[in-house]
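Each remark here refers to the structure printed beneath this line.
Order of the sequence lines fixes the chain letters, A, B, ..., with proteins taken first and strands second; residue numbering starts at 1 for each chain.
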Amino acid sequence: MAGGGGRPLRALNVAEKPSVAKAVSGILSRNPSSGGLRVREGRSRYNKIFEFNYAIQNQQFHMAFTSVTGHLMEVEFEDRYRKWHSCDPVDLYHAPVRKHVPQDKSDIEKTLEEEARKSQWLILWLDCDREGENIAFEVVEVCTRANRNLNIWRARFSALIDREIHYAAQHLIRPNQLFADAVDVRQEIDLRIGASFTRFQTMLLRDAFVLDFTTDDKNVILSYGPCQFPTLGFVVERFWEIQSHEPEEFWTINCTHNSEEGTATFNWMRGHLFDYTCATILYEMCVQEPTATVTNVRQQEKLKYPPHPLSTIELEKRASRYFRMSSEQTMKVAEDLYQAGFISYPRTETDSFSERTDLHTIVQDQQAHSIWGSYAQRLLDPEAGLWRNPSGGGHDDKAHPPIHPTKFSSGESGWSQDHHKVYELVVRHFLACVSQPAIGAETTVEIDIAGEQFAASGRVILAKNYLDVYRFETWGGSVIPTYTYGQQFTPTTLTLDSGVTRPPPLLSEADLLSCMDKAGIGTDATMHDHIKKLLDRFYATKDSSMRFTPTKLGEALVMGYDDMGYELWKPYLRAAMESDMKAVSMGTKRKAEVLEACLQQMKACFVDARLNKGKLFEAMAVFFERSNRSNGNEPAIGDVVRRCGLCQESDMVLRRKPDGNFMVGCLGYPQCRNVVWLPGSVSEAAVTSNICSTCSPGPVYMIQFKFRRLEIPPNYNVDHLGCIGGCDNTLRQLVEICGTGSRNNSSMPGRGQGHTQSSGSAQSNSRSQGAWQTGHSSTSYPSQSSRGRSAQTQDAAAEDGESSIPCASCGTPCNLRTANTAANRGRKFYSCQAQGCNFFTWEDNANSGGTVPRGSNSRSASNPSRRGGRGRSNQSRGRANDVAFMSATGEPISGRCFVCGDPSHFANACPNRGR
DNA sequence: GCAAGGTC
């Protein structure tokens, strides 16, 4: 293939990481005309330079192949904005930023410059995703600074496979500026939002409260980030859901039957009822006519499929579930194994193997293992029939294959327990996903007792297949006796049992990863970082079962923003940014346009949040004692009025002195002693986002004042939006009239301890309300399972089935039946036959047309507003579902107690109620 | 001292 083409040119090739530089060089140099692969050191000890000869489209090249280590550059504010007290955090929305190579990457930069000077071509082998494209342009910037005449090309490849790499080298394209632009947008927005909110909330709250979770509360950082905060939001939201759960009693009928073959447990196909009386009526009917008739026997073959090939998130989730290993630790160990060559690249979204991957060879490598080696041998034996080409999960990052073993090991001497575990998981997972599914025979038996349906099922595993090697998964099964259609028997036990709805569990690490994945928070390579950040920042804790609870601090911050009405703790902001980035990368939106729009929105949000900082204070006060530090000399950043005209370096901020008086002083104190005194009659003052139109140099933010009525002349207003820039005559006159001196009574109401606490607890209460009203799911998890439910209708009841009405809840026919309880013996009722529908009404009510479904009997996981409706209309009567039946207008039309028939009370208060 | 994204 090495044709003519004249004198060889020199090409500098750059990969995103050393391993790719090595792998691609290895592939491209694997022919006699390459002159062999030479390696030499670069200036960075990690990033070697590989050299060989190669022909591209018949042009001979001398290739120098080196690498970077991820991003070469960082985006950062200009120096004068770097110090926290150097500016008002709101300035960070327009402060100049620059992209530069940080100190620890300067050796890589030097290598690139030196190599670029010697080269005619630059070929970019960065990962083929948006971040990779952005890194490509960072490399271009460094290289073209050294050599303006470079001919710049991009190699597009999705796997480190010979054919793919050669194809990429022969079909070079130009780098895609739009992809890189999208990342520039994200970087800048992340930095500006993160830095502004972090500085704002840290400086606002850190010194105002006694943060009792650390001994070093002066240095604690209350960070905000567009990924870490929604992650915290998931944790807090689940916590609130648990807190607001009200346990509710329900009732279910259980039936067992012992025979010579064993015991069968039949579950009620209605699942459970929340109405004790209804359950009792149905139960008593069963007891009076307990003969069970087998109505259906179903035998089915069921398959349990092996998992898809392993992506990063799945690895993290499974290691957490199987080994209780944190996602951070899993990634650390996986990185070690990758570096040592035992597993493939561990940061991948891909969960299907390319057709070109030689899966058999990977299995062959594992044949020697003392434990799973024999399974690997069976897999390769065509007669065993165990092999199955893996089914993919539909994700492909176009850069890396799923995680799989790349080298056999029976365990290395330097490995920790965690290394053994992660390697074993990767190997077993791989072997599982090229295996046949497990096969089971499932038997379901349905019976009828007095018109009520019950079902029992059993499973026998016929072939374990992949379960033989994937020891982390089980497929529970039990054997039930044989039954035949029409068979009749008397149950061994028939019981009416109670249960209580339970709240959902706290979020596990695997749950949290799923939430983040679904909402697009973070990437496969960073999700574990965001989770760890919650722990590092004291926002959440993780218990021994890997479940997350928000700390007081985490809950307070989310509560504060939520009370402001912002969804900054929700994933929507990130989702919107992600969609904007996509638009930039597709060219449908321009970089500058998206940046400006997003920053403008976020700035408005920031300014508004600062005005509403009282909400954050109140939320914090629910959980923490106020400290007296904030009343001292610590400046309250966030109250910047203008830049100091005296020192020209720092900002003038609104402050309240210990004596209760307000002043506007320079943050440069004590070097700069510039100060503007305010009238002594000020009772409240807050900097607004309004800018004075006359005073210069601007901006000069106006201050909203409140004066004490008795201390100012009657012709002055108590409320005044004023400016300290010199234009405000009212303010000047009031200083003259009232002076700036201290007053005897400097204590004032408002943020006092008592007030804060009471409003705090109100906050706390309104929290659960708010959570429900904004439509959070209110899933209740019954403590008993409700298996066997489906939408199909049952056969007509054995008795009274001649009459039916359509169900007012679901439309299915409700058959007429007869009650057998002491109080209602002989009374007819309609009961919905649809499984899962609990509609029930007396015949006389139905005939009068005045029935509605019973309130909470028909409640389900998709009914989030139940709490809002509860307790208001039925406050005086207790549980809503005990209020007999109501007309369409909500009026009770039957005031009788179900249990004893007494009209003076309802069933929940019945003295005869009980079991 | 701040973000999130690469990677060592």
Side-chain angles (χ1 to χ4, degrees), chain A residues 14-21 42 44-48 67-77 81-87 89 91-93 95 97 99 101-102 104-105 107-108 126-139 180 182-204 206 216-231 331-332 334-336 338-340 345-347 397 399-400 516 520-533 536-537 568 573-574 577-578 581 602 606 637:
Chain A
V14 184
E16 190 160 321
K17 42 190 163 275
S19 62
V20 172
S44 148
R45 51 187 281 239
Y46 300 110
N47 307 86
K48 316 267 185 226
S67 55
V68 287
T69 47
H71 276 289
L72 183 58
M73 296 181 162
E74 270 177 19
V75 56
E76 192 43 278
F77 292 113
Y81 293 92
R82 300 274 279 275
K83 282 215 164 21
W84 280 37
H85 290 285
S86 66
C87 67
D91 294 345
L92 300 178
Y93 286 91
V97 291
K99 241 184 143 174
V101 180
D104 61 340
K105 298 281 174 79
D107 44 4
I108 298 178
L126 287 306
D127 290 357
C128 289
D129 51 26
R130 285 200 300 240
E131 294 295 334
E133 210 67 18
N134 190 270
I135 299 170
F137 278 87
E138 294 171 358
V139 171
V183 174
D184 283 341
V185 170
R186 179 197 55 72
Q187 288 178 333
E188 193 174 326
I189 291 174
D190 283 348
L191 175 66
R192 292 186 189 278
I193 296 176
S196 59
F197 272 95
T198 300
R199 290 186 193 182
F200 158 65
Q201 64 186 25
T202 302
M203 293 192 281
L204 175 71
R206 180 176 58 192
D216 188 21
D217 61 353
K218 279 192 179 143
N219 290 321
V220 77
I221 291 170
L222 310 185
S223 63
Y224 175 89
C227 286
Q228 54 177 272
F229 233 63
T231 306
M331 290 312 288
K332 212 180 269 172
E335 181 66 30
D336 284 349
Y338 163 68
Q339 292 292 335
Y345 189 68
R347 286 179 285 277
D397 63 14
H400 306 285
M516 296 169 75
I521 300 297
T523 67
D524 51 321
T526 61
M527 279 157 125
H528 65 273
D529 285 334
H530 301 311
I531 294 176
K532 181 165 182 288
K533 189 147 275 177
D536 292 345
R537 295 280 190 234
L568 289 170
L573 173 65
R574 194 70 188 170
M577 279 171 62
E578 187 60 36
M581 274 175 67
M602 281 311 296
F606 178 82
I637 294 284

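- Residue R186(A) places its side chain closer to dA4(B) than to any other of dG6(B), dT7(B), dA4(B).
- Positionally, the nearest nucleotide of DNA chain B for I221(A) lies more toward the 5' end than for the other of I221(A) and G70(A).
- With contacts defined as side-chain heavy-atom distances shorter than 4.5 Å, the pair W84(A)/T202(A) qualifies.
- Within the model, atoms CD of Q201(A) and CZ of R206(A) stand 11.5 Å from one another, a figure rounded to the nearest 0.5 Å.
- What you find for F77(A) and A195(A) is that their closest heavy atoms are CE1-CB, 3.6 Å.
- Residue Q228(A) has a polar side-chain atom (N or O) positioned under 4.0 Å from OP1 or OP2 of dA4(B).
- Counting any heavy atom pair closer than 4.0 Å across all strands shown, V75(A) reaches a base atom.
- Put simply, the side chain of M602(A) does not reach to within 4.5 Å of the side chain of R192(A), judged on heavy atoms.
- Between I108(A) and S44(A) the shortest heavy-atom distance is CG1-CB, 3.7 Å.
- Here dG5(B) presents its C1' atom at 10 Å from CD of E16(A), a figure rounded to the nearest Å.
- Taking atom CE on M73(A) and atom C1' on dA4(B), their separation rounds to 18 Å, with Å as the unit.
- Contact between the side-chain N/O atoms of H530(A) and the OP1/OP2 oxygens of dG5(B) is found at a separation under 4.0 Å.
- With dG5(B), dA3(B), dG6(B) as the candidates, the nucleotide lying closest to the side chain of A525(A) is dG6(B).
- Nucleic acid contact for F197(A): none, since no nucleic acid atom lies under 4.0 Å from a heavy atom of the residue.
- If you take NE2 of H528(A) and P of dA4(B), they are 13 Å apart, rounded to a whole angstrom.
- Atom pair Y93(A):OH and dA3(B):P shows a separation of 14 Å (rounding to whole Å applied).
- Here the C1' atom of nucleotide dG5(B) and the CD atom of E188(A) are 15 Å apart, to the nearest Å.
- Residues from residues 127-135 of chain A lying near DNA chain B, meaning a heavy-atom separation below 4.0 Å, are D127(A), E131(A) in numerical order.
- Partner K99(A) forms a salt bridge (charged side-chain N to carboxylate O under 4.0 Å, His left out) with one of E138(A), E76(A), E74(A), E188(A) and no other, that one being E138(A).
- Closest to the side chain of L191(A), from the set dT7(B), dG1(B), dA3(B), is dA3(B).
- Between R537(A) and the phosphate of dA3(B), there is a side-chain N or O to OP1/OP2 separation shorter than 4.0 Å.
- Considering K332(A), K533(A), M331(A) in turn, M331(A) is the only one that fulfils the side chain to side chain contact (heavy atoms under 4.5 Å, CB included) rule with H528(A).
- Between S223(A) and dG1(B), a side-chain N or O to OP1/OP2 separation shorter than 4.0 Å is absent.
- Each of N47(A) and F77(A) lies near DNA chain B, and the nucleotide nearest F77(A) is the one positioned closer to the 5' end.
- Base engagement by Q187(A) is indicated by at least one non-hydrogen atom pair under 4.0 Å involving a base atom.
- In this structure, E76(A) atom CD and dC2(B) atom C1' are separated by 9 Å, rounded to whole Å.
- Put simply, R347(A) has no side-chain N or O that comes within less than 4.0 Å of OP1 or OP2 on dG6(B).
- With respect to R130(A) and E578(A), a salt bridge is recorded, a charged nitrogen being found less than 4.0 Å from a carboxylate O.
- Ranking dA4(B), dT7(B), dG6(B) by closeness to the Y345(A) side chain, first place goes to dT7(B).
- As rounded to whole Å, 19 Å separates atom P of dA3(B) from atom NZ of K99(A).
- A salt bridge does not link R199(A) with D91(A): every distance from a Lys NZ or Arg NE/NH1/NH2 to an Asp or Glu carboxylate oxygen is 4.0 Å or more.
- Look at CG on L204(A): it is 21 Å from P on dG1(B), rounded to the nearest Å.
- Contact annotation: K533(A) side-chain N/O to dA3(B) OP1/OP2 distance is under 4.0 Å.
- By the criterion of a centre-to-centre distance under 5.5 Å and near-parallel planes under 30°, the ring of W84(A) forms a stack with the base of dG1(B).
- Proximity of T202(A) to the phosphate of dC2(B): no side-chain N or O atom is located under 4.0 Å from OP1 or OP2.
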